[in-house]
Peer 1: 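One structure follows; several queries about it will come next.
Hydrogens, waters and symmetry mates are skipped; everything else that's a heavy atom, side chains included, is used. To find a chain, count down the sequence lines: A is the first, B the second, and so on, and within it residues start at 1. All values derive from a computational prediction rather than experimental measurement.
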Amino acid sequence: MIVVERLTKRFDAVQALQDASFVAQDGQITGLLGANGAGKSTTLRIISSVLQADSGRVAIDGEHADPMTARSRLGVLPHASGLYPKLTARENIRYHAVLRGLSADLIEQRIGEWCARLEMAEIIDRRIEGFSHGQKLKVALTRALIHAPRNVILDEPTSGLDIGATRALRDLIRGLRDQGCCVLLSSHIMQEVSALCDDIVIIAHGRVVTSGSPQQILQHTGAADLEEAFMRASREGASHA
Amino acid sequence: MHSGGPGFWRTVITVLHKEVLENVRDRRTILSAFLFVPLLGPLMFAFMTSFVVDRIVGEADERLRLPVVGADYAPNLLAFATENGADVAKLDIAIDAARTLVVTGEEDLILIVPSDIDERLRAGEAASLELIADSSNNKTQRHVRRARALIDAYNDKVGRLRLLARGIDPSVIEPFRLNQIDTATPSGRAVALLGTLTYFLLFSLLMGGLYLAIDVTAGERERGSLESLLALPVQRSALILGKIGATMAFMIASLCITLAVIVITMQFLPLYKLGMSSQFGALTAAKIGAVMLPMALLGASLFFVVGSFTRTYREAQTWIGLVLAIPTLPIAFASMANFRPTNWLMAVPSLSQHLLATNLLRGDAVNPIHVAVSVVSTLLLGAVLLGLATQLYRREKLLG
């Protein structure tokens, strides 16, 4: 479970986050929805303790842990796949797994499992250069999940994927939820979030303007559909900013 | 649940290994660090050395070709020229034809002796000789100067004889005589050459790590792999140390290859003609390598300090390329100022390595205190820069 409490972050002249609070529950998929530049990536980066908030804090699994502990409890897939092109898929995954302190046996065992699950057997020992977007995502996902984290953060995971790959990814994310993981993903695509998420947090101009299940959000905003709700909520955020 | 990473040093080794592996697979990095740069220095040194040797040794030994029109009119002059290192070639052509030969470059110069020279000399008058040469041609100037010097010397000799014949001391017309004392020895020139050699050694050391340093700093940021790396439960200082370690490994490998190439090249250079120790063997190379080693830490840390400010590969290439010049400045300064090793100078990194390496190359004894001061001061500055780089990598702006 990830509890975000009143995060505020400023980059020079830009107020990236202002008093942002929300909860991502275990066994649920929580969608962070917002326009480009609304503060989604900043929020996720603060949760993964790559950035420090100016004020506010984050509790992971009920504990305000130090950055090292927080990072070990999270699996993070950043916006860019961030794979090393000259290394093979296996070497990429192994690098992070070793840095996470996993034993060699466990690493190979888990790579084997993910290979079967994501159908990567053919590409696992090939270098990343020349991989398709979908193939890269499979490797990056395996790398982010190799330590079997209870909390999973995905920054715009489906952007740039074709229909088949998107569908496979959604199945995987639902699978994580069904195992009891807390999944927090960001997106700027309405349909994406409504198709996948149990809970939605709408963020605009660095503020959380509304959150809850899709039904709750419709009630809150009095809109007929989620798209309208999103537009209204965003305008509301703009008027505050 | 795995709390924490694999421990500090395991992290350092893991990062070092991965960065080396990744860059070993990069053809451009490998060609540059282990082929072009190590070859460039020794080859340029070999070229410059043989050029200088040819000039120094050649100038003294080479005989001047002196084509003369009307040679039969002045047998004494030509005998004097032959005695003083000229090969007289008699030409039997007209003056116009002689001029054409010089214009077309077939001859560097031609001396014209007039038919009345003997008559005029006997009468104690001035006889005019003509020297045809192209003053805009730099290549032939050396020969023209020598020819002029020959005629001047002969002129002087005949003039003195004339004065003596009239009972006058020749020194009457020569109130001053300028004697130039030339202290340039062959080994002096060699020192200037050695300066370039240590420069190349330092250059190859730094260049060896250049592309790797750019790749693991700005390259990692640009590819977007830095963010997921920083999201791992490892200390940033361990990441930096691993990356700097990998840079140093490349630097040291490049230095070793360069030294090996130099050892081989030296076998084929006529260094003894310059009074240089020609026993530049594996042992000397190893000593020089050992003296240079601390520069790897300094250079790599310097690259990382600069790399932390750059966002893209290109930007890093520009700035780190500029930084490459900094450690070479003291060497350039030293070769102009002609420093001798002192304890104080040994505290200046890169300058101290240059002076020590030069001493080793000359086969001179090296003061152990000098070595100690050089190693400690270089490592100390390297450690300070390493600390600075680690601080800079804690900054959030790093993510861009």
Side-chain angles (χ1 to χ4, degrees), chain A residues 9 11-12 41-42 44-54 61 65-88 91-92 94-104 106 127-129 136 140 143-144 146-151 153 155, chain B residues 1-30 211-212 215-216 219-243 246 311 313 393-400:
Chain A
K9 179 73 183 176
F11 296 111
D12 298 327
S41 285
T42 304
L44 297 186
R45 283 173 168 184
I46 290 174
I47 296 172
S48 58
S49 79
V50 175
L51 290 182
Q52 264 189 320
D54 297 335
D61 295 338
D66 63 281
M68 287 295 188
T69 314
R71 288 178 203 166
S72 66
R73 288 179 182 174
L74 293 170
V76 183
L77 182 75
H79 184 51
S81 75
L83 298 171
Y84 302 101
K86 301 276 177 208
L87 298 186
T88 66
E91 285 162 345
N92 265 287
R94 202 190 274 148
Y95 180 48
H96 275 211
V98 170
L99 288 179
R100 284 191 175 277
L102 271 60
S103 74
L106 186 62
R127 292 191 193 172
I128 298 297
E129 46 194 359
K136 281 185 191 165
R143 191 174 71 168
I146 194 72
H147 56 302
R150 298 278 304 148
N151 303 280
I153 293 177
D155 195 355
Chain B
M1 181 65 53
H2 308 270
S3 72
F8 189 85
W9 290 107
R10 183 84 203 282
T11 304
V12 173
I13 300 295
T14 306
V15 173
L16 194 158
H17 173 253
K18 174 256 165 188
E19 301 296 10
V20 167
L21 178 69
E22 197 184 6
N23 278 278
V24 160
R25 289 180 184 170
D26 189 87
R27 192 176 301 159
R28 181 174 55 163
T29 304
I30 288 300
Y211 284 115
L212 188 142
D215 180 69
V216 305
E220 176 130 48
R221 285 172 81 175
E222 200 172 24
R223 280 197 304 266
S225 54
L226 186 63
E227 187 173 347
S228 38
L229 186 63
L230 295 181
L232 295 174
V234 292
Q235 289 174 32
R236 285 193 190 182
S237 50
L239 295 180
I240 297 305
L241 219 54
K243 284 167 181 279
R311 290 178 182 282
Y313 198 97
Y393 272 83
R394 295 222 170 95
R395 294 180 317 155
E396 296 192 336
K397 276 193 179 156
L398 204 65
L399 283 177

Peer 1: Can you find a pair of side-chain heavy atoms, one from A/Leu99 and one from B/Val15, that are under 4.5 Å apart?
Peer 2: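 The answer is yes; the side chains approach within 4.5 Å.
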
Peer 1: Is A/Arg73 close to B/Pro233 at the side-chain level, that is, under 4.5 Å between some pair of heavy atoms?
Peer 2: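 In short, these two side chains do not touch, never coming nearer than 4.5 Å.
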
Peer 1: So which atom in B/Leu232 and which in A/Arg100 form the shortest heavy-atom distance, rounded to 0.1 Å?
Peer 2: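 So the two residues come closest at CD2-NE, 3.4 Å.
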
Peer 1: Tell me which of these, A/Ala70, A/Ser48, A/Gly82, has more heavy-atom pairs under 4.5 Å with chain B than the rest.
Peer 2: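 Counting heavy-atom pairs under 4.5 Å, the top option is A/Gly82.
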
Peer 1: Taking all heavy atoms of A/Pro85 and all of B/Arg223, pick out the closest pair and write down the distance.
Peer 2: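 Residues A/Pro85 and B/Arg223, closest heavy atoms: CD-CD, 3.6 Å.
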
Peer 1: Measuring from atom OG of B/Ser225 to atom CD1 of A/Ile128, what distance do you get when rounded to the nearest 0.5 angstrom?
Peer 2: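 Between atom OG of B/Ser225 and atom CD1 of A/Ile128 there are 11.5 Å.
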
Peer 1: Does any heavy atom of chain B fall under 4.5 Å from the side chain of A/Arg94, the backbone, both, or neither of them?
Peer 2: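 Interface part for A/Arg94: neither.
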
Peer 1: I'd like to check B/Asp215 versus A/Tyr84 (side-chain heavy atoms, cut-off strictly below 4.5 Å). Are they in contact?
Peer 2: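 No, too far: nothing below the 4.5 Å cut-off.
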
Peer 1: Do the side chains of A/Lys86 and B/Val24 get nearer than 4.5 Å, heavy atoms only?
Peer 2: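 The answer is no; the side chains never approach within 4.5 Å.
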
Peer 1: Ion pair present between B/Arg25 and A/Glu91, side-chain N to carboxylate O less than 4.0 angstrom?
Peer 2: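 Looking at A/Glu91 together with B/Arg25, the answer is yes, because their closest N to O distance falls below 4.0 Å.
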
Peer 1: So which part of B/Glu220 gets closer than 4.5 Å to some heavy atom of chain A, the side chain, the backbone, both or neither?
Peer 2: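 Contact with chain A involves the side chain of B/Glu220 alone.
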
Peer 1: When you look at B/Glu227 and A/His79, which way does the side-chain contact (heavy atoms from CB on, under 4.5 Å) test go after all the steps?
Peer 2: CA-CA 9 Å; B/Glu227 187 173 347; A/His79 184 51; 6.0 Å; no

Peer 1: Among B/Ser228, B/Ala238, B/Gly224, which residue has the highest count of heavy-atom pairs closer than 4.5 Å to chain A?
Peer 2: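 The residue among B/Ser228, B/Ala238, B/Gly224 with the greatest pair count is B/Ser228.
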
Peer 1: Identify the heavy atoms of A/Val98 and B/Arg10 that sit nearest to each other, and give their distance.
Peer 2: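 Closest heavy-atom pair between A/Val98 and B/Arg10: CG1-NH2, 3.7 Å.
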
Peer 1: Let's test your reading of the structure: which of A/Ala80, A/Ser49, A/Pro78, A/Ala65 forms the most heavy-atom pairs below 4.5 Å with chain B?
Peer 2: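 Answer, by heavy-atom pair count under 4.5 Å with chain B: A/Pro78.
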
Peer 1: Of the non-hydrogen atoms in B/Leu229 and A/His96, which two are nearest, and what is the gap between them?
Peer 2: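 Between these two residues, the closest heavy atoms are N-CE1, 4.1 Å.
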
